[in-house]
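Atoms within a ligand are numbered from 1 in the order they appear, just like the ligands themselves.
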Amino acid sequence: MNLSELLKFDRIIIQGHDNPDPDAIASGFGLYSFFQANQKEVHLVYGGRDRIQKSNNKLMIAALQIPVEFYEDYKNENAPLGKNDLLITVDCQYGESNVTHIDTENFVIIDHHQISPALSYDPSRMNIRPELGSCSTHVWNLLKECGYSVEGNLRLSTALYYGLSTDTNDFAELSYPLDKDMKDDLEFDKMLLVQLNNSKISLEELEIAGVALIKYVYNADYRYALIHAKPCDPNVLGYIIDLVLQVDVIDTCVVFNTKEDGFKFSVRSCIKDVRANELAAYIAEGIGGGGGHAEKAGGFISRSKYEEKHEAMDIDTYMAVRMNSYFASGEIIHCGEYEMDMTDMKLYQKKSIIVGYVDPLEVVEKDSEIQIRTLEGDVSMKATDDFYIMIGVLGEVYPIKKARFANDYEKVGDTYSVHAEYLPSLRCKTTGESIPDLTKYAKSCRACSKSQIMAKENDHILKIYTMWDQQNYYLGMPGDAVACKANDPKDIYIIRGDVFRMTYEEVQ
Ligand SMILES: [Mn+2]
């Protein structure tokens, strides 16, 4: 479903979740602006016990002149929805308990939360991207896709920027590439952001933070702290946890609280053996989502999915069990000191499949500082004349020296296309130019060397400090492959499970 398809309706009501936060307000405002520019009668509404109270939300609405209406007021002055009218729920899902019910036959959902298993709508009604950090990012992208630019619209772009900021704890828990793209691209009113950031906490929330700090649970074996805070704005979790992590005996910390539709949590780590983003993903595995950076991350667990899977367990027990299993099941390997036991490994070789390569000098000037963005993260490098950027079958990107390329690959064709959730993009830091899809510059090649490795399927959490990087480990999860050079049991590394299965074959 794209936004242009929705222009066939006469009147459009956009509804955020009850007691809306800046992300619901901003993403609703984005849709509102689009339909208004297309001469539609459009209303932006929200329900809940009361009108918006939080001072930063009130300030946002007033300063950016966002025409949002309390549903009770709207209802008294407008006719109910008819068969030519449309309801869009944004940053929430029609039928869920956190959104006031409005009776209608025509509705669509634009959201970034986990799809509620309790709702079974036709897929054409839903445009849900749970991988995104904010619904603002989703709407920004939808607007772009149908040619509606937010450039030069400072009110709207500031709103979207603030929506992403509040949903990712001031960007600290930001991880998805499209979220980063929006953050990099949007202009915003800097003074207003300063003001908004100074009116985030209420006195009540100050007290919630105080109580949470007293009620920590400490695990001395694994040096982590776990804190269950009372319901509060997610950024309050950020303040609590940043303070807790400063304690000398605490290396890792998780702070969480209960919301109507699930559990919100923040994760911090200050040791190199634990990455907060990975721990966040582990905590929410199968029942939500988590991500961010190595030191700071966050996530969300959907209530309905949690109840489906762990009905008998209360959330405090779940968190402790999950933390303990993360620490207990993890194995850390320092290459160089460790020799791989190859008895249960098999010999594999690279399949001769087609992959892509880009000469960076066909994209930017020599010696430019470039940043390549993929699903796996950002990589920065200098565009020199001695390497190619390889693009794998799943859109993964890595540099290769031209000399080695000449030895291991043969050139095949002048184009290369790949199907990936996010296509690798390139930003030139020297000129500020950005290229949304790097594969447009890619040519195709095929591996011709038959270099062989020993590999097996990994069945636990495995962290490997490789020979060439002693500071950052490579993470292996169950289903990934753990491999080493056939002639060197000390050179151990991880290959992502899906990449391994597509690119390697067993030597018979
Ligand atoms: Mn949101």
Side-chain angles (χ1 to χ4, degrees), residues 14-32 44-48 52 54 56-57 60-61 64 66 68 88-100 108-116 119 126-143 156-176 178-183 186 188 196 200 231-238 256-266 280 284 288-292 297-305:
I14 299 157
Q15 181 187 19
H17 52 76
D18 295 352
N19 312 308
D21 59 356
D23 185 39
I25 298 167
S27 46
F29 184 37
L31 295 174
Y32 178 96
L44 176 57
V45 305
Y46 68 93
I52 288 170
K54 279 205 70 147
N56 57 326
N57 297 354
M60 171 193 185
I61 290 165
L64 301 174
I66 299 175
V68 61
I88 306 176
T89 67
V90 67
D91 199 29
C92 60
Q93 297 170 21
Y94 186 75
E96 278 280 80
S97 59
N98 67 338
V99 48
T100 296
V108 295
I109 296 170
I110 295 178
D111 190 22
H112 74 124
H113 293 91
Q114 294 289 318
I115 301 173
S116 170
L119 307 175
M126 302 193 285
N127 196 330
I128 301 179
R129 295 193 63 178
E131 70 277 13
L132 295 176
S134 73
C135 200
S136 299
T137 312
H138 191 5
V139 167
W140 171 76
N141 194 49
L142 287 170
L143 294 176
L156 176 54
S157 58
T158 301
L160 294 169
Y161 186 89
Y162 186 56
L164 176 61
S165 146
T166 53
D167 257 31
T168 57
N169 238 320
D170 290 336
F171 305 119
E173 297 170 5
L174 187 79
S175 61
Y176 198 75
L178 201 62
D179 293 316
K180 296 182 200 165
D181 286 346
M182 179 170 95
K183 176 175 183 277
L186 283 183
F188 60 93
L196 287 167
K200 277 199 286 209
C232 59
D233 203 81
N235 61 57
V236 178
L237 298 182
F256 62 98
N257 67 8
T258 305
K259 297 183 65 167
E260 230 165 297
D261 53 342
F263 309 97
K264 171 90 191 126
F265 62 89
S266 282
F300 189 76
I301 292 171
S302 135
R303 177 180 295 279
S304 42
K305 289 194 176 176

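The distance from atom NE2 of H113 to atom SG of C135, rounded to the nearest 0.5 Å, is 8.0 Å. In this structure, L178 CG and K180 NZ are separated by 11.0 Å, a value rounded to the nearest 0.5 Å.
Considering W140, F171, F29 as possible partners of Y161, the one that fulfils the ring-ring contact (aromatic ring centres under 6.0 Å, His included) test is F171.
No hydrogens or angles considered: a donor-acceptor pair under 3.5 Å links the side chains of D167 and H112.
Here D233 pairs with K54 in a salt bridge; the nearest charged N to carboxylate O distance falls below 4.0 Å.
Looking only at distances, no side-chain donor or acceptor of T168 sits under 3.5 Å from a matching main-chain atom of L174.
Distances from the Mn ion (ligand 1) under 2.8 Å pick out these protein N/O/S atoms: D23 OD2, D91 OD1, H112 NE2, D167 OD2.
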